[in-house]
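In what follows, a single structure is set out as structure tokens and then discussed.
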Amino acid sequence: MPRPVPQVETKFRRIVTEIPVPASLETLQKLEQYELRAMGGQPPVVWDRAEGFQVYDAWGNCWLDWSSGVLITNAGHGRQEIVDAIVKQAQHGLLTNYCFPSAIRAELAERLVSLTPEPLKKIFILTTGSETVEFAIKVARTHGQKVGGRGKNVLVSFEKAFHGRTLGSQQVGGIPVLKEWIGNLDPGFVQVPFPDGFWTEDTSFDLFERTLSEKGVAPSQVCGVVMETYQGGTAAFAPVEYIKMLRQWCDGHQALLVFDEVQAGFGRTGKLWGYEHYGVLPDLTTWGKGISSSLPISAIVGRPELMDMHAPGSASSTHTGNPVCCAAALANVDLILKEDLAGNAARVGEVLMDGLRRIQGRFKEAGFLAGKGLVAGLACVDPVHGQPDGKLAHDIVYRAMEKGLLMFNPVGPQGCTIKIAPPLTITAEAVEDGCQVLEESFAEVLAERAGQ
Ligand code: PMP
């Protein structure tokens with residue numbers, strides 16, 4: 001229910017109504033009535049328009065955006081260059097091309113492939129991140145059969161990982177509750193702990209090998225290892241040494257290494273590709289979200305001999321490389337490179353980390369801080385037992401929203417991680433402002449809790 005909140009009027013934020021806005025309830029109720037329940041759960045802000053790193057509703061409120069619409073708008077919301085490219089392509093007179101050749105899809109394929117090092121030189125443009133993961137599974141299993149027979153079909157991935165919600169991508173994921181509906185889980189999907197150093201203290205590569213052996217999986221059965229470059233739920237990276245050993249292990253056992261960069265790509269982590277932090281190359285890498293900062297498009301890139309294993313006509317998806325989406329992606333890539341948004345993410349990311357470290361130092365409930373560039377996760381835990389405190393994270397995100405700082409509701413181990421992912425165009429000043437709001441929100445929610 002709407003409640004009066006202190007009015008806010010700063011350079012980056014403006015809150016001038018009760019929250020949620022009473023006039024927005026009609027829209028919220030309509031969504032609740034007609035959309036499935038599973039789509040719900042985000043803070044009750046009805047987005048009207050968004051620009052740069054700010055989101056506006058229709059009633060005069062403005063939020064500093066720390067969500068990027070869940071890691072989509074790397075180049076900023078509503079960039080004029082992207083709007084112009086979309087309009088130009090729409091007016092040009094080609095709104096769809098499916099599997100038929102078009103110049104704009106060819107241009108995007110060439111452009112995207114030019115961004116990856118040898119030997120990652122073939123691309124399949126798709127629409128969603130989940131689809132790219134499904135194709136990675138197909139490539140890994142096809143390759144496995146080719147080099148090791150039908151028994152080489154196990155995909156190893158990581159506990160707590162998220163790779164999408166379709167049947168295959170959900171099984172590569174490592175969140176058991178999301179897989180309950182499947183019933184007969186494919187035994188060819190196996191998870192090992194992610195070496196984040198907090199939820200899993202042991203970060204040695206030995207744990208990878210030991211867990212596989214405990215689960216009865218022989219290395220010869222493994223056709224691929226799929227990992228988020230950083231874990232979406234916590235923003236944690238694996239140790240570099242671990243990944244170097246993983247690369248060697250994959251090479252030694254003819255298993256493909258897949259970095260899912262649906263979140264980590266396009267400058268988010270302070271480098272164009274997140275895997276650059278590890279100093280290794282994957283065999284396949286998947287992209288989505290930040291690829292266009294706007295319209296639905298995704299892609300998987302890999303070594304030509306892997307990407308070309310299937311016969312002509314056997315890989316397609318109706319909206320593959322839709323011309324308008326291609327135009328948006330081309331304009332987006334231009335912006336990311338021209339404005340060196342990966343560099344900005346690295347520089348401003350330092351300011352973000354400083355602010356978050358300050359918060360972590362002040363509140364013992366801020367248990368685990370991880371991230372690089374402009375992605376970070378701050379996990380709320382019970383300071384005595386170290387257990388996840390999802391309610392605290394939830395309350396803090398809600399309080400911040402009331403103050404004009406927008407984040408999405410907690411993800412990560414049992415929903416206790418406050419995830420921070422602003423557009424990569426954000427300034428140091430705006431990041432400091434957001435850190436201030438987050439700190440105030442921690443202080444207020446904890447004080448109210450203590451007073452209860
Ligand atoms: N992989 C990762 C790492 C993701 O974060 C997501 C989406 N959150 C996906 C895959 C699935 O992408 P989509 O929602 O576009 O299917």
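First listed ligand is number 1; within each ligand, the first listed atom is number 1. These numbers were taken from a predicted model, which means no experiment stands behind them.
Contacts of V262 with ligand 1, taken as heavy-atom pairs under 4.0 Å, involve the side chain alone.
Relative orientation of the W199 and F368 rings is perpendicular, given thresholds of 30° and 60° on the angle between their planes. Between F259 and Y275, the ring planes are parallel. Angles under 30° get that label, and only those over 60° would be called perpendicular.
Formation of a donor-acceptor pair under 3.5 Å by the E81 side chain with backbone atoms of N332 is not found in this model.
Between R247 and D251 there is a salt bridge, with a side-chain nitrogen of the basic residue lying less than 4.0 Å from a carboxylate oxygen of the acidic one.
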Evaluate salt bridge (Lys or Arg N to Asp or Glu O under 4.0 Å) for R49 paired with E51, printing each intermediate quantity in order.
-> CA-CA 7 Å; R49 67 191 179 86; E51 201 181 315; 3.3 Å; yes
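Nearest protein heavy-atom neighbour of atom 16 (O) of ligand 1: S130 OG, 2.6 Å. For atom 10 (C) of ligand 1, the nearest non-hydrogen atom of the protein is H163 O, 3.2 Å. The closest protein non-hydrogen atom to atom 8 (N) of ligand 1 is K289 CE, 3.3 Å. Looking from atom 1 (N) of ligand 1 to the surrounding protein, the closest heavy atom is D260 OD2, 2.6 Å.
The ligand atoms of ligand 1 that sit less than 4.0 angstrom from a heavy atom of T128 are 15 (O), 16 (O). Against a heavy-atom cut-off of under 4.0 Å, Q263 is close to the following atoms of ligand 1: 5 (O). Against a heavy-atom cut-off of under 4.0 Å, E228 is close to the following atoms of ligand 1: 3 (C).
Other residues, nucleotides and ligands place no more than 12 heavy atoms under 6.0 Å from the CD atom of E110. Counting heavy atoms of neighbouring residues, nucleotides and ligands inside a 6.0 Å radius, atom NZ of K215 exceeds 12 of them.
Any N or O atom pair closer than 3.5 Å counts here, and G129 shares at least one such pair with ligand 1.
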